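What follows is a short report on a single structure.
The model shown is predicted, which means the values in this text are computed figures rather than measured ones. Quick note: numbers below take in every heavy atom, side chains included, and nothing from hydrogens, waters or symmetry partners.
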Protein chains: 2
Amino acid sequence: MSQHRHPGVPSRAGAVPALPDLPEATVARLPEYLRSLHQLAETGHETVSSEGLAAAAGVNSAKLRKDLSHLGSYGTRGVGYDVALLIEQIESVLGLNQRRAVALVGVGNLGHALAGYAGFASRGFRIAALFDADRTRVGEEINGLVVHHIDELPRIAVEERLAIGVIATPAGSAQAVADQLVAVGVTSILNFAPCVLAVPDGVDVRKVDLAIELQILSFHEHRKASLTALPGSGPSALTSLAGGAPTTDPQEAIGT
Amino acid sequence: MSQHRHPGVPSRAGAVPALPDLPEATVARLPEYLRSLHQLAETGHETVSSEGLAAAAGVNSAKLRKDLSHLGSYGTRGVGYDVALLIEQIESVLGLNQRRAVALVGVGNLGHALAGYAGFASRGFRIAALFDADRTRVGEEINGLVVHHIDELPRIAVEERLAIGVIATPAGSAQAVADQLVAVGVTSILNFAPCVLAVPDGVDVRKVDLAIELQILSFHEHRKASLTALPGSGPSALTSLAGGAPTTDPQEAIGT
DNA sequence: CCGTGTGAAGAACTTCACAGCG
DNA sequence: CGCTGTGAAGTTCTTCACACGG
């Protein structure tokens, strides 16, 4: 995992890539590229073209090239990218070289599942501690980890150098938990509770809300259904996956 | 929840509200507004200003007003929005009036948690069926629902009018499951498996990948750490990512 | 006079298309 | 010759700032 010296880098002395201040949209896609690259590496590919990687990651190739160009990446014209090298570059940019310690708060339904999720471990993170406010759950062992009471957060935060907090509590407790995480120095939070968290500047929060995802899908379902209900005039009314019903999609008939 | 007849809508005959073709970014925020509105309603608010709702939803108020204006919403100048009315409007636009049937495929770790997640039911969806490919799991009852073998998907899809599929299988099986869902007419998929799905035009896929969320947070952690390592001068070049650096934040020292 | 609704300016992101390097 | 890297054009989204209605 040592840093490579790329051929042709006009590097001043021992300087490395330097933080390129990536566009947020690019940052959000890098992990997907990384996953695709690992997959390619496992299947024996040593290099990959922008076209190939873009297909694997489900994006358009121009976008991929621009993204990679932002990290000053080094592909070879006429050939493509070196898979292993690109993996290293992206991991380095994402700061994945150091297995950050993750604290998971809330071991209910979802928390249990997250605690057992192998993807965290395999993709650069270490679940370092589990917490819950419910004392009847404290002491329980999940996947080799013991559940601590949330009051122990300060002590363990220091011991484990907690870097990221994952909140999997009910919405009602989420803000309090966030406050406690912030208080012990955590500056990155992944929030699964369906609520907005208030945090100081400098703390990053990302939110995952399962119901919201479904609602967005619902909108598109809804729209697709009402489009098929329209006469020909619509946007090249070919495809039509559902039955080409001239009447409204049965699913959509309601209310009114 | 029948749709209201808004004053002033030039609705043709039995035509439905007319789909205003919302910007995707707006669609993605509507569910959050909706959640905030429900919260406001529960706490007795009858009206809310754009400022107030924006604060509750964690966005800027100009954005909120523009979003709502896209749905031809009706606020009252000098007053704000009628909470109950706005809830209805948004639910109608999102197509939440009809409790779509959701199929959940894969009842492993995560699938179990999702099957038990109350938020689906409370926010417009009905988990209509559980599936798994593992016959040792078939028959198991989770949260009042029996696990069916995936081969029964065609039959049940018709019986239950499945509208949305949720994939919570390992990555290796996800594409096959997606194909089966598409084959039975499902045109909206929420994918929790860490892989890209290929689907025909007209099928919507949304992806939730927990590790990706953490990796994005990791990037920001990483960047924050290297910024604090800098002297006053600001974010100009300097800091190196991997080793080499003249001491960075302790948390950051690794790799090399 | 307050807060919505909105044109217009601005920022961010995507896509195109092609120069140029290996 | 093929594929990367990138200016430039195009699109979408955000923010500003203010006219206007209740």
Which residue lies toward the 5' end of DNA chain C, A:N60 or A:T76, if each is placed at its nearest nucleotide?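 Result: A:N60.
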Nearest heavy atom decides the nucleotide; on that basis, is A:K63 or B:G78 closer to the 5' end of DNA chain C?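 That would be B:G78.
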Between B:K207 and A:E32 (salt bridge meaning N to carboxylate O under 4.0 Å), is one present in this structure?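 Salt bridge flag = yes for A:E32 with B:K207.
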Does the distance from a Lys or Arg side-chain N to an Asp or Glu carboxylate O, for B:R223 and A:D204, drop under 4.0 Å?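 Salt bridge absent between B:R223 and A:D204.
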Determine whether a donor-acceptor pair (N or O, by modelled atom type, separation under 3.5 Å) exists between the side chain of B:E213 and the backbone of A:V208.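 Side chain of B:E213 to backbone of A:V208: no pair is present.
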Between [X] ([atom1]) and [N] ([atom2]), how many Å, whole number?
{"X": "A:L86", "N": "D:dC3", "atom1": "CG", "atom2": "P", "answer": "17 Å"}
{"X": "A:L68", "N": "C:dT14", "atom1": "CG", "atom2": "P", "answer": "14 Å"}
{"X": "B:K66", "N": "C:dG3", "atom1": "NZ", "atom2": "C1'", "answer": "16 Å"}
{"X": "A:L64", "N": "D:dT4", "atom1": "CG", "atom2": "P", "answer": "9 Å"}
{"X": "A:E24", "N": "D:dC13", "atom1": "CD", "atom2": "P", "answer": "17 Å"}
{"X": "B:L53", "N": "C:dT4", "atom1": "CG", "atom2": "P", "answer": "10 Å"}
{"X": "A:D67", "N": "C:dC13", "atom1": "CG", "atom2": "C1'", "answer": "10 Å"}
{"X": "B:Y74", "N": "D:dC20", "atom1": "OH", "atom2": "C1'", "answer": "17 Å"}

Quick one: is [X] getting a side-chain N or O under 4.0 Å of the [N] phosphate, OP1 or OP2?
{"X": "A:Y81", "N": "D:dG5", "result": "yes"}
{"X": "A:R29", "N": "C:dT14", "result": "yes"}
{"X": "B:S50", "N": "C:dT4", "result": "yes"}

Side chain of A:A25 (C-beta onward), nearest among C:dG5, C:dC13, D:dG5: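 Nucleotide nearest to A:A25's side chain: C:dC13.
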Using the closest heavy atom to pick a nucleotide of DNA chain D for each, name whichever of A:S49 or B:H70 lands nearer the 5' end.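 The residue mapped nearer the 5' terminus is A:S49.
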Side chain B:R77 and base C:dC2 donor-acceptor under 3.5 Å: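 A donor-acceptor contact between them is absent.
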Report yes or no: is there a donor-acceptor pair, N or O only, under 3.5 Å between the side chain of A:R65 and the base of D:dG5?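 Side chain to base: pair found, below 3.5 Å.
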Hey, mind stepping through B:Q215 and A:E91 against side-chain contact (heavy atoms from CB on, under 4.5 Å) and telling me if it holds? CA-CA 9 Å; B:Q215 291 178 344; A:E91 288 187 342; over 6 Å; no
In this structure, are over 12 heavy atoms from other groups packed under 6.0 Å from A:E46 atom CD?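 12 or below, so no.
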